[in-house]
There are 2 protein chains.
Amino acid sequence: MDIELQIKMNEKLFLRNPEQSELGKRIIMHSIRLIYKNGFEAFTFKKLAENMGTTEAGVYRYFENKHRLLVYIVAWYWTWLHYQVMYQTNNINDPVVKLKMIVKLLATTVEDDLSTSYVDESLLHQIIITEGSKTYLTKRVSEDNKYKLFKPYKDLCAHIASIILECNPHYRYPKSLASTIIEMAHFQNFFKDHLPSLTDFSENKDESSTVVFLEDMLFRVLSKDDLK
Amino acid sequence: MDIELQIKMNEKLFLRNPEQSELGKRIIMHSIRLIYKNGFEAFTFKKLAENMGTTEAGVYRYFENKHRLLVYIVAWYWTWLHYQVMYQTNNINDPVVKLKMIVKLLATTVEDDLSTSYVDESLLHQIIITEGSKTYLTKRVSEDNKYKLFKPYKDLCAHIASIILECNPHYRYPKSLASTIIEMAHFQNFFKDHLPSLTDFSENKDESSTVVFLEDMLFRVLSKDDLK
DNA sequence: CGTGAATGATAGTAATACTATCTTTTTAGA
DNA sequence: TCTAAAAAGATAGTATTACTATCATTCACG
């Protein structure tokens, strides 16, 4: 099969759709590489333009500013991950098994998905860990939220919450638990690599310890054999 | 009693100790107000200087750059909160009661502590929610960590982890659970206010719903009457 | 009373975050 | 195939940011 996965993005995220031109796709590709390499703070449109052999003005024709570009690639990631979740849990009936698969997808290094030619998902995953929460931890949250820029994240959260409810229909905080699992899949991995004393996993281990921690937490919380 | 609480800060956090001069204290006070008001991204030393009637160069004599200043006030907060935790849980023996107090201190709006004249803890608490994780979500984490700039956060996390172990000595992820509780005390409140569909609390409610969610999660996870 | 530290005042620089304009190339449709 | 509009390239310019440097003034102390 030779299928190119196309993700339709919210039009408010860009000035000109980067998926519809070669230059646009190269902007996304090089942005991901540069942000991965130097971090979002050090990332500028000037550096990006030099790096990819175009001009600053060229980049500004696609994105209003670097924050919007970050929101774009983060939203892209959540849409892509949501698709992965749907694909990988399809035909699974047991919600427990579904949740385990989701935790694995959230917390484990992804391999580059070859059906999206200009996006390197493994770099993108690392970017989400370090820069993802910066998309909404700003004074503009509510405005950005009004434009539905965070919809992919919220949709995934809602989907996970619904499976949580399948596991235990009496649990009262499915959405908060879902957002906790999503955020911690990233934070615990970040802590493991950079501030290991905030976790119980030693630095050399891979993400499997994070997966085990999250699964343990999730299923203890959802366990029906408890007091209440 | 007329006691002024003095917090001894890591010397790497500043160029000149802001606690030891009027100007220094005013820098802290006005920084907190400005960051609270406009967010960290829009905060500059120039604006701060104009705001408080000094010059940019004056601020640069105290702090290398605005990131260090943020790390300073965040570290100050964690030191102060750790003290609050010790104070409020002193003479309590039951670790469950202790943990409940800690969750309340973490997730509830603090009132301004009058024994720290130049710091408004209630504003600071809001800053920690929105800007706190930006202190470590950078390319400099490891370097900053080497200088022990995150020690107050890590100390508090370790302290909470030890009480978690008191609750259930067999629980295997006390530190990860502690950092989860700390982070979620902030994120769930942020979500509640700005991205409410990521939580199960409606926007008008106060932080009590966050407290209930965190306590519920914590004690379900630490419950001994489970399968394993 | 003198001196050294802190502060104030001012200036300057390189980089950042844009906007504008004009030319050239591409490409989509008549 | 021609043509016109859209996209991209090239260049310039501005306000703000993130600093560094210098020199004069104040102020606390021994």
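Just so it is clear: chains get the letters A, B, ... in the order the sequence lines come, proteins before strands, and each one is counted from 1.
Residues passing the side-chain hydrogen bond (donor to acceptor under 3.5 Å, both in side chains) test with A:Ser179, sequence neighbours excluded: B:Gln188. Residues that satisfy the ring pair (Phe, Tyr, Trp, His ring centres under 6.0 Å) test with A:Phe213, not counting sequence neighbours, are B:Tyr173. Under the salt bridge (charged side-chain N to carboxylate O under 4.0 Å, His left out) criterion, A:Asp144 pairs with A:Arg68, sequence neighbours left out. Scored by the side chain to side chain contact (heavy atoms under 4.5 Å, CB included) test, B:Thr89 finds B:Val85, B:Lys98, B:Met101, B:Ile102 as partners (sequence neighbours excluded).
Residue A:Ile73 holds its CD1 atom at 10.0 Å from CE of A:Met9, rounded to the nearest 0.5 Å. Atom-to-atom distance recorded for B:Asn189:CG and B:Ser209:OG is 7.5 Å, nearest 0.5 angstrom.
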Listing, residues 46-62 of chain B side-chain donor-acceptor contacts under 3.5 Å, not counting sequence neighbours, or none:
{"residue": "B:Lys47", "atom": "NZ", "partner": "B:Ala42", "partner atom": "O", "Å": "2.7"}
{"residue": "B:Thr55", "atom": "OG1", "partner": "B:Gly58", "partner atom": "N", "Å": "3.4"}
{"residue": "B:Tyr62", "atom": "OH", "partner": "B:Ser21", "partner atom": "OG", "Å": "2.6"}

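Checked against the 6.0 Å centroid criterion, the rings of B:His186 and B:Trp78 qualify as a close aromatic pair.
Applying the side-chain hydrogen bond (donor to acceptor under 3.5 Å, both in side chains) definition to pairs two or more places apart or across chains, none involves residues 29-40 of chain A. Within the structure, side-chain hydrogen bond (donor to acceptor under 3.5 Å, both in side chains) pairs that include any residue of residues 131-141 of chain A comprise A:Glu41-A:Lys134, A:Glu131-A:Lys134, A:Tyr136-A:Glu183 (at least two apart or interchain). Residues in residues 152-163 of chain A take part in these salt bridge (Lys or Arg N to Asp or Glu O under 4.0 Å) pairs, two or more places apart or across chains: A:Lys151-A:Asp155.
Contact check of residues 47-66 of chain A against DNA chain C (heavy atom, cut-off under 4.0 Å) returns A:Lys47, A:Glu56, A:Ala57, A:Tyr60, A:Arg61, A:Glu64, A:Asn65, A:Lys66. In the region residues 6-28 of chain A, proximity to DNA chain D at under 4.0 angstrom, judged on heavy atoms, holds for A:Arg16, A:Ser21, A:Leu23.
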Do any N or O atoms of the protein come closer than 3.5 Å to N or O atoms of nucleotides 27-30 of chain D, and which pairs are they?
none

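With a heavy-atom cut-off of 4.0 Å to chain B, the contacted part of DNA chain C has its first and last nucleotide at C:dA6 to C:dT10.
Aromatic ring orientation, B:Phe40 versus B:Phe43: parallel (interplanar angle below 30°, classes split at 30° and 60°).
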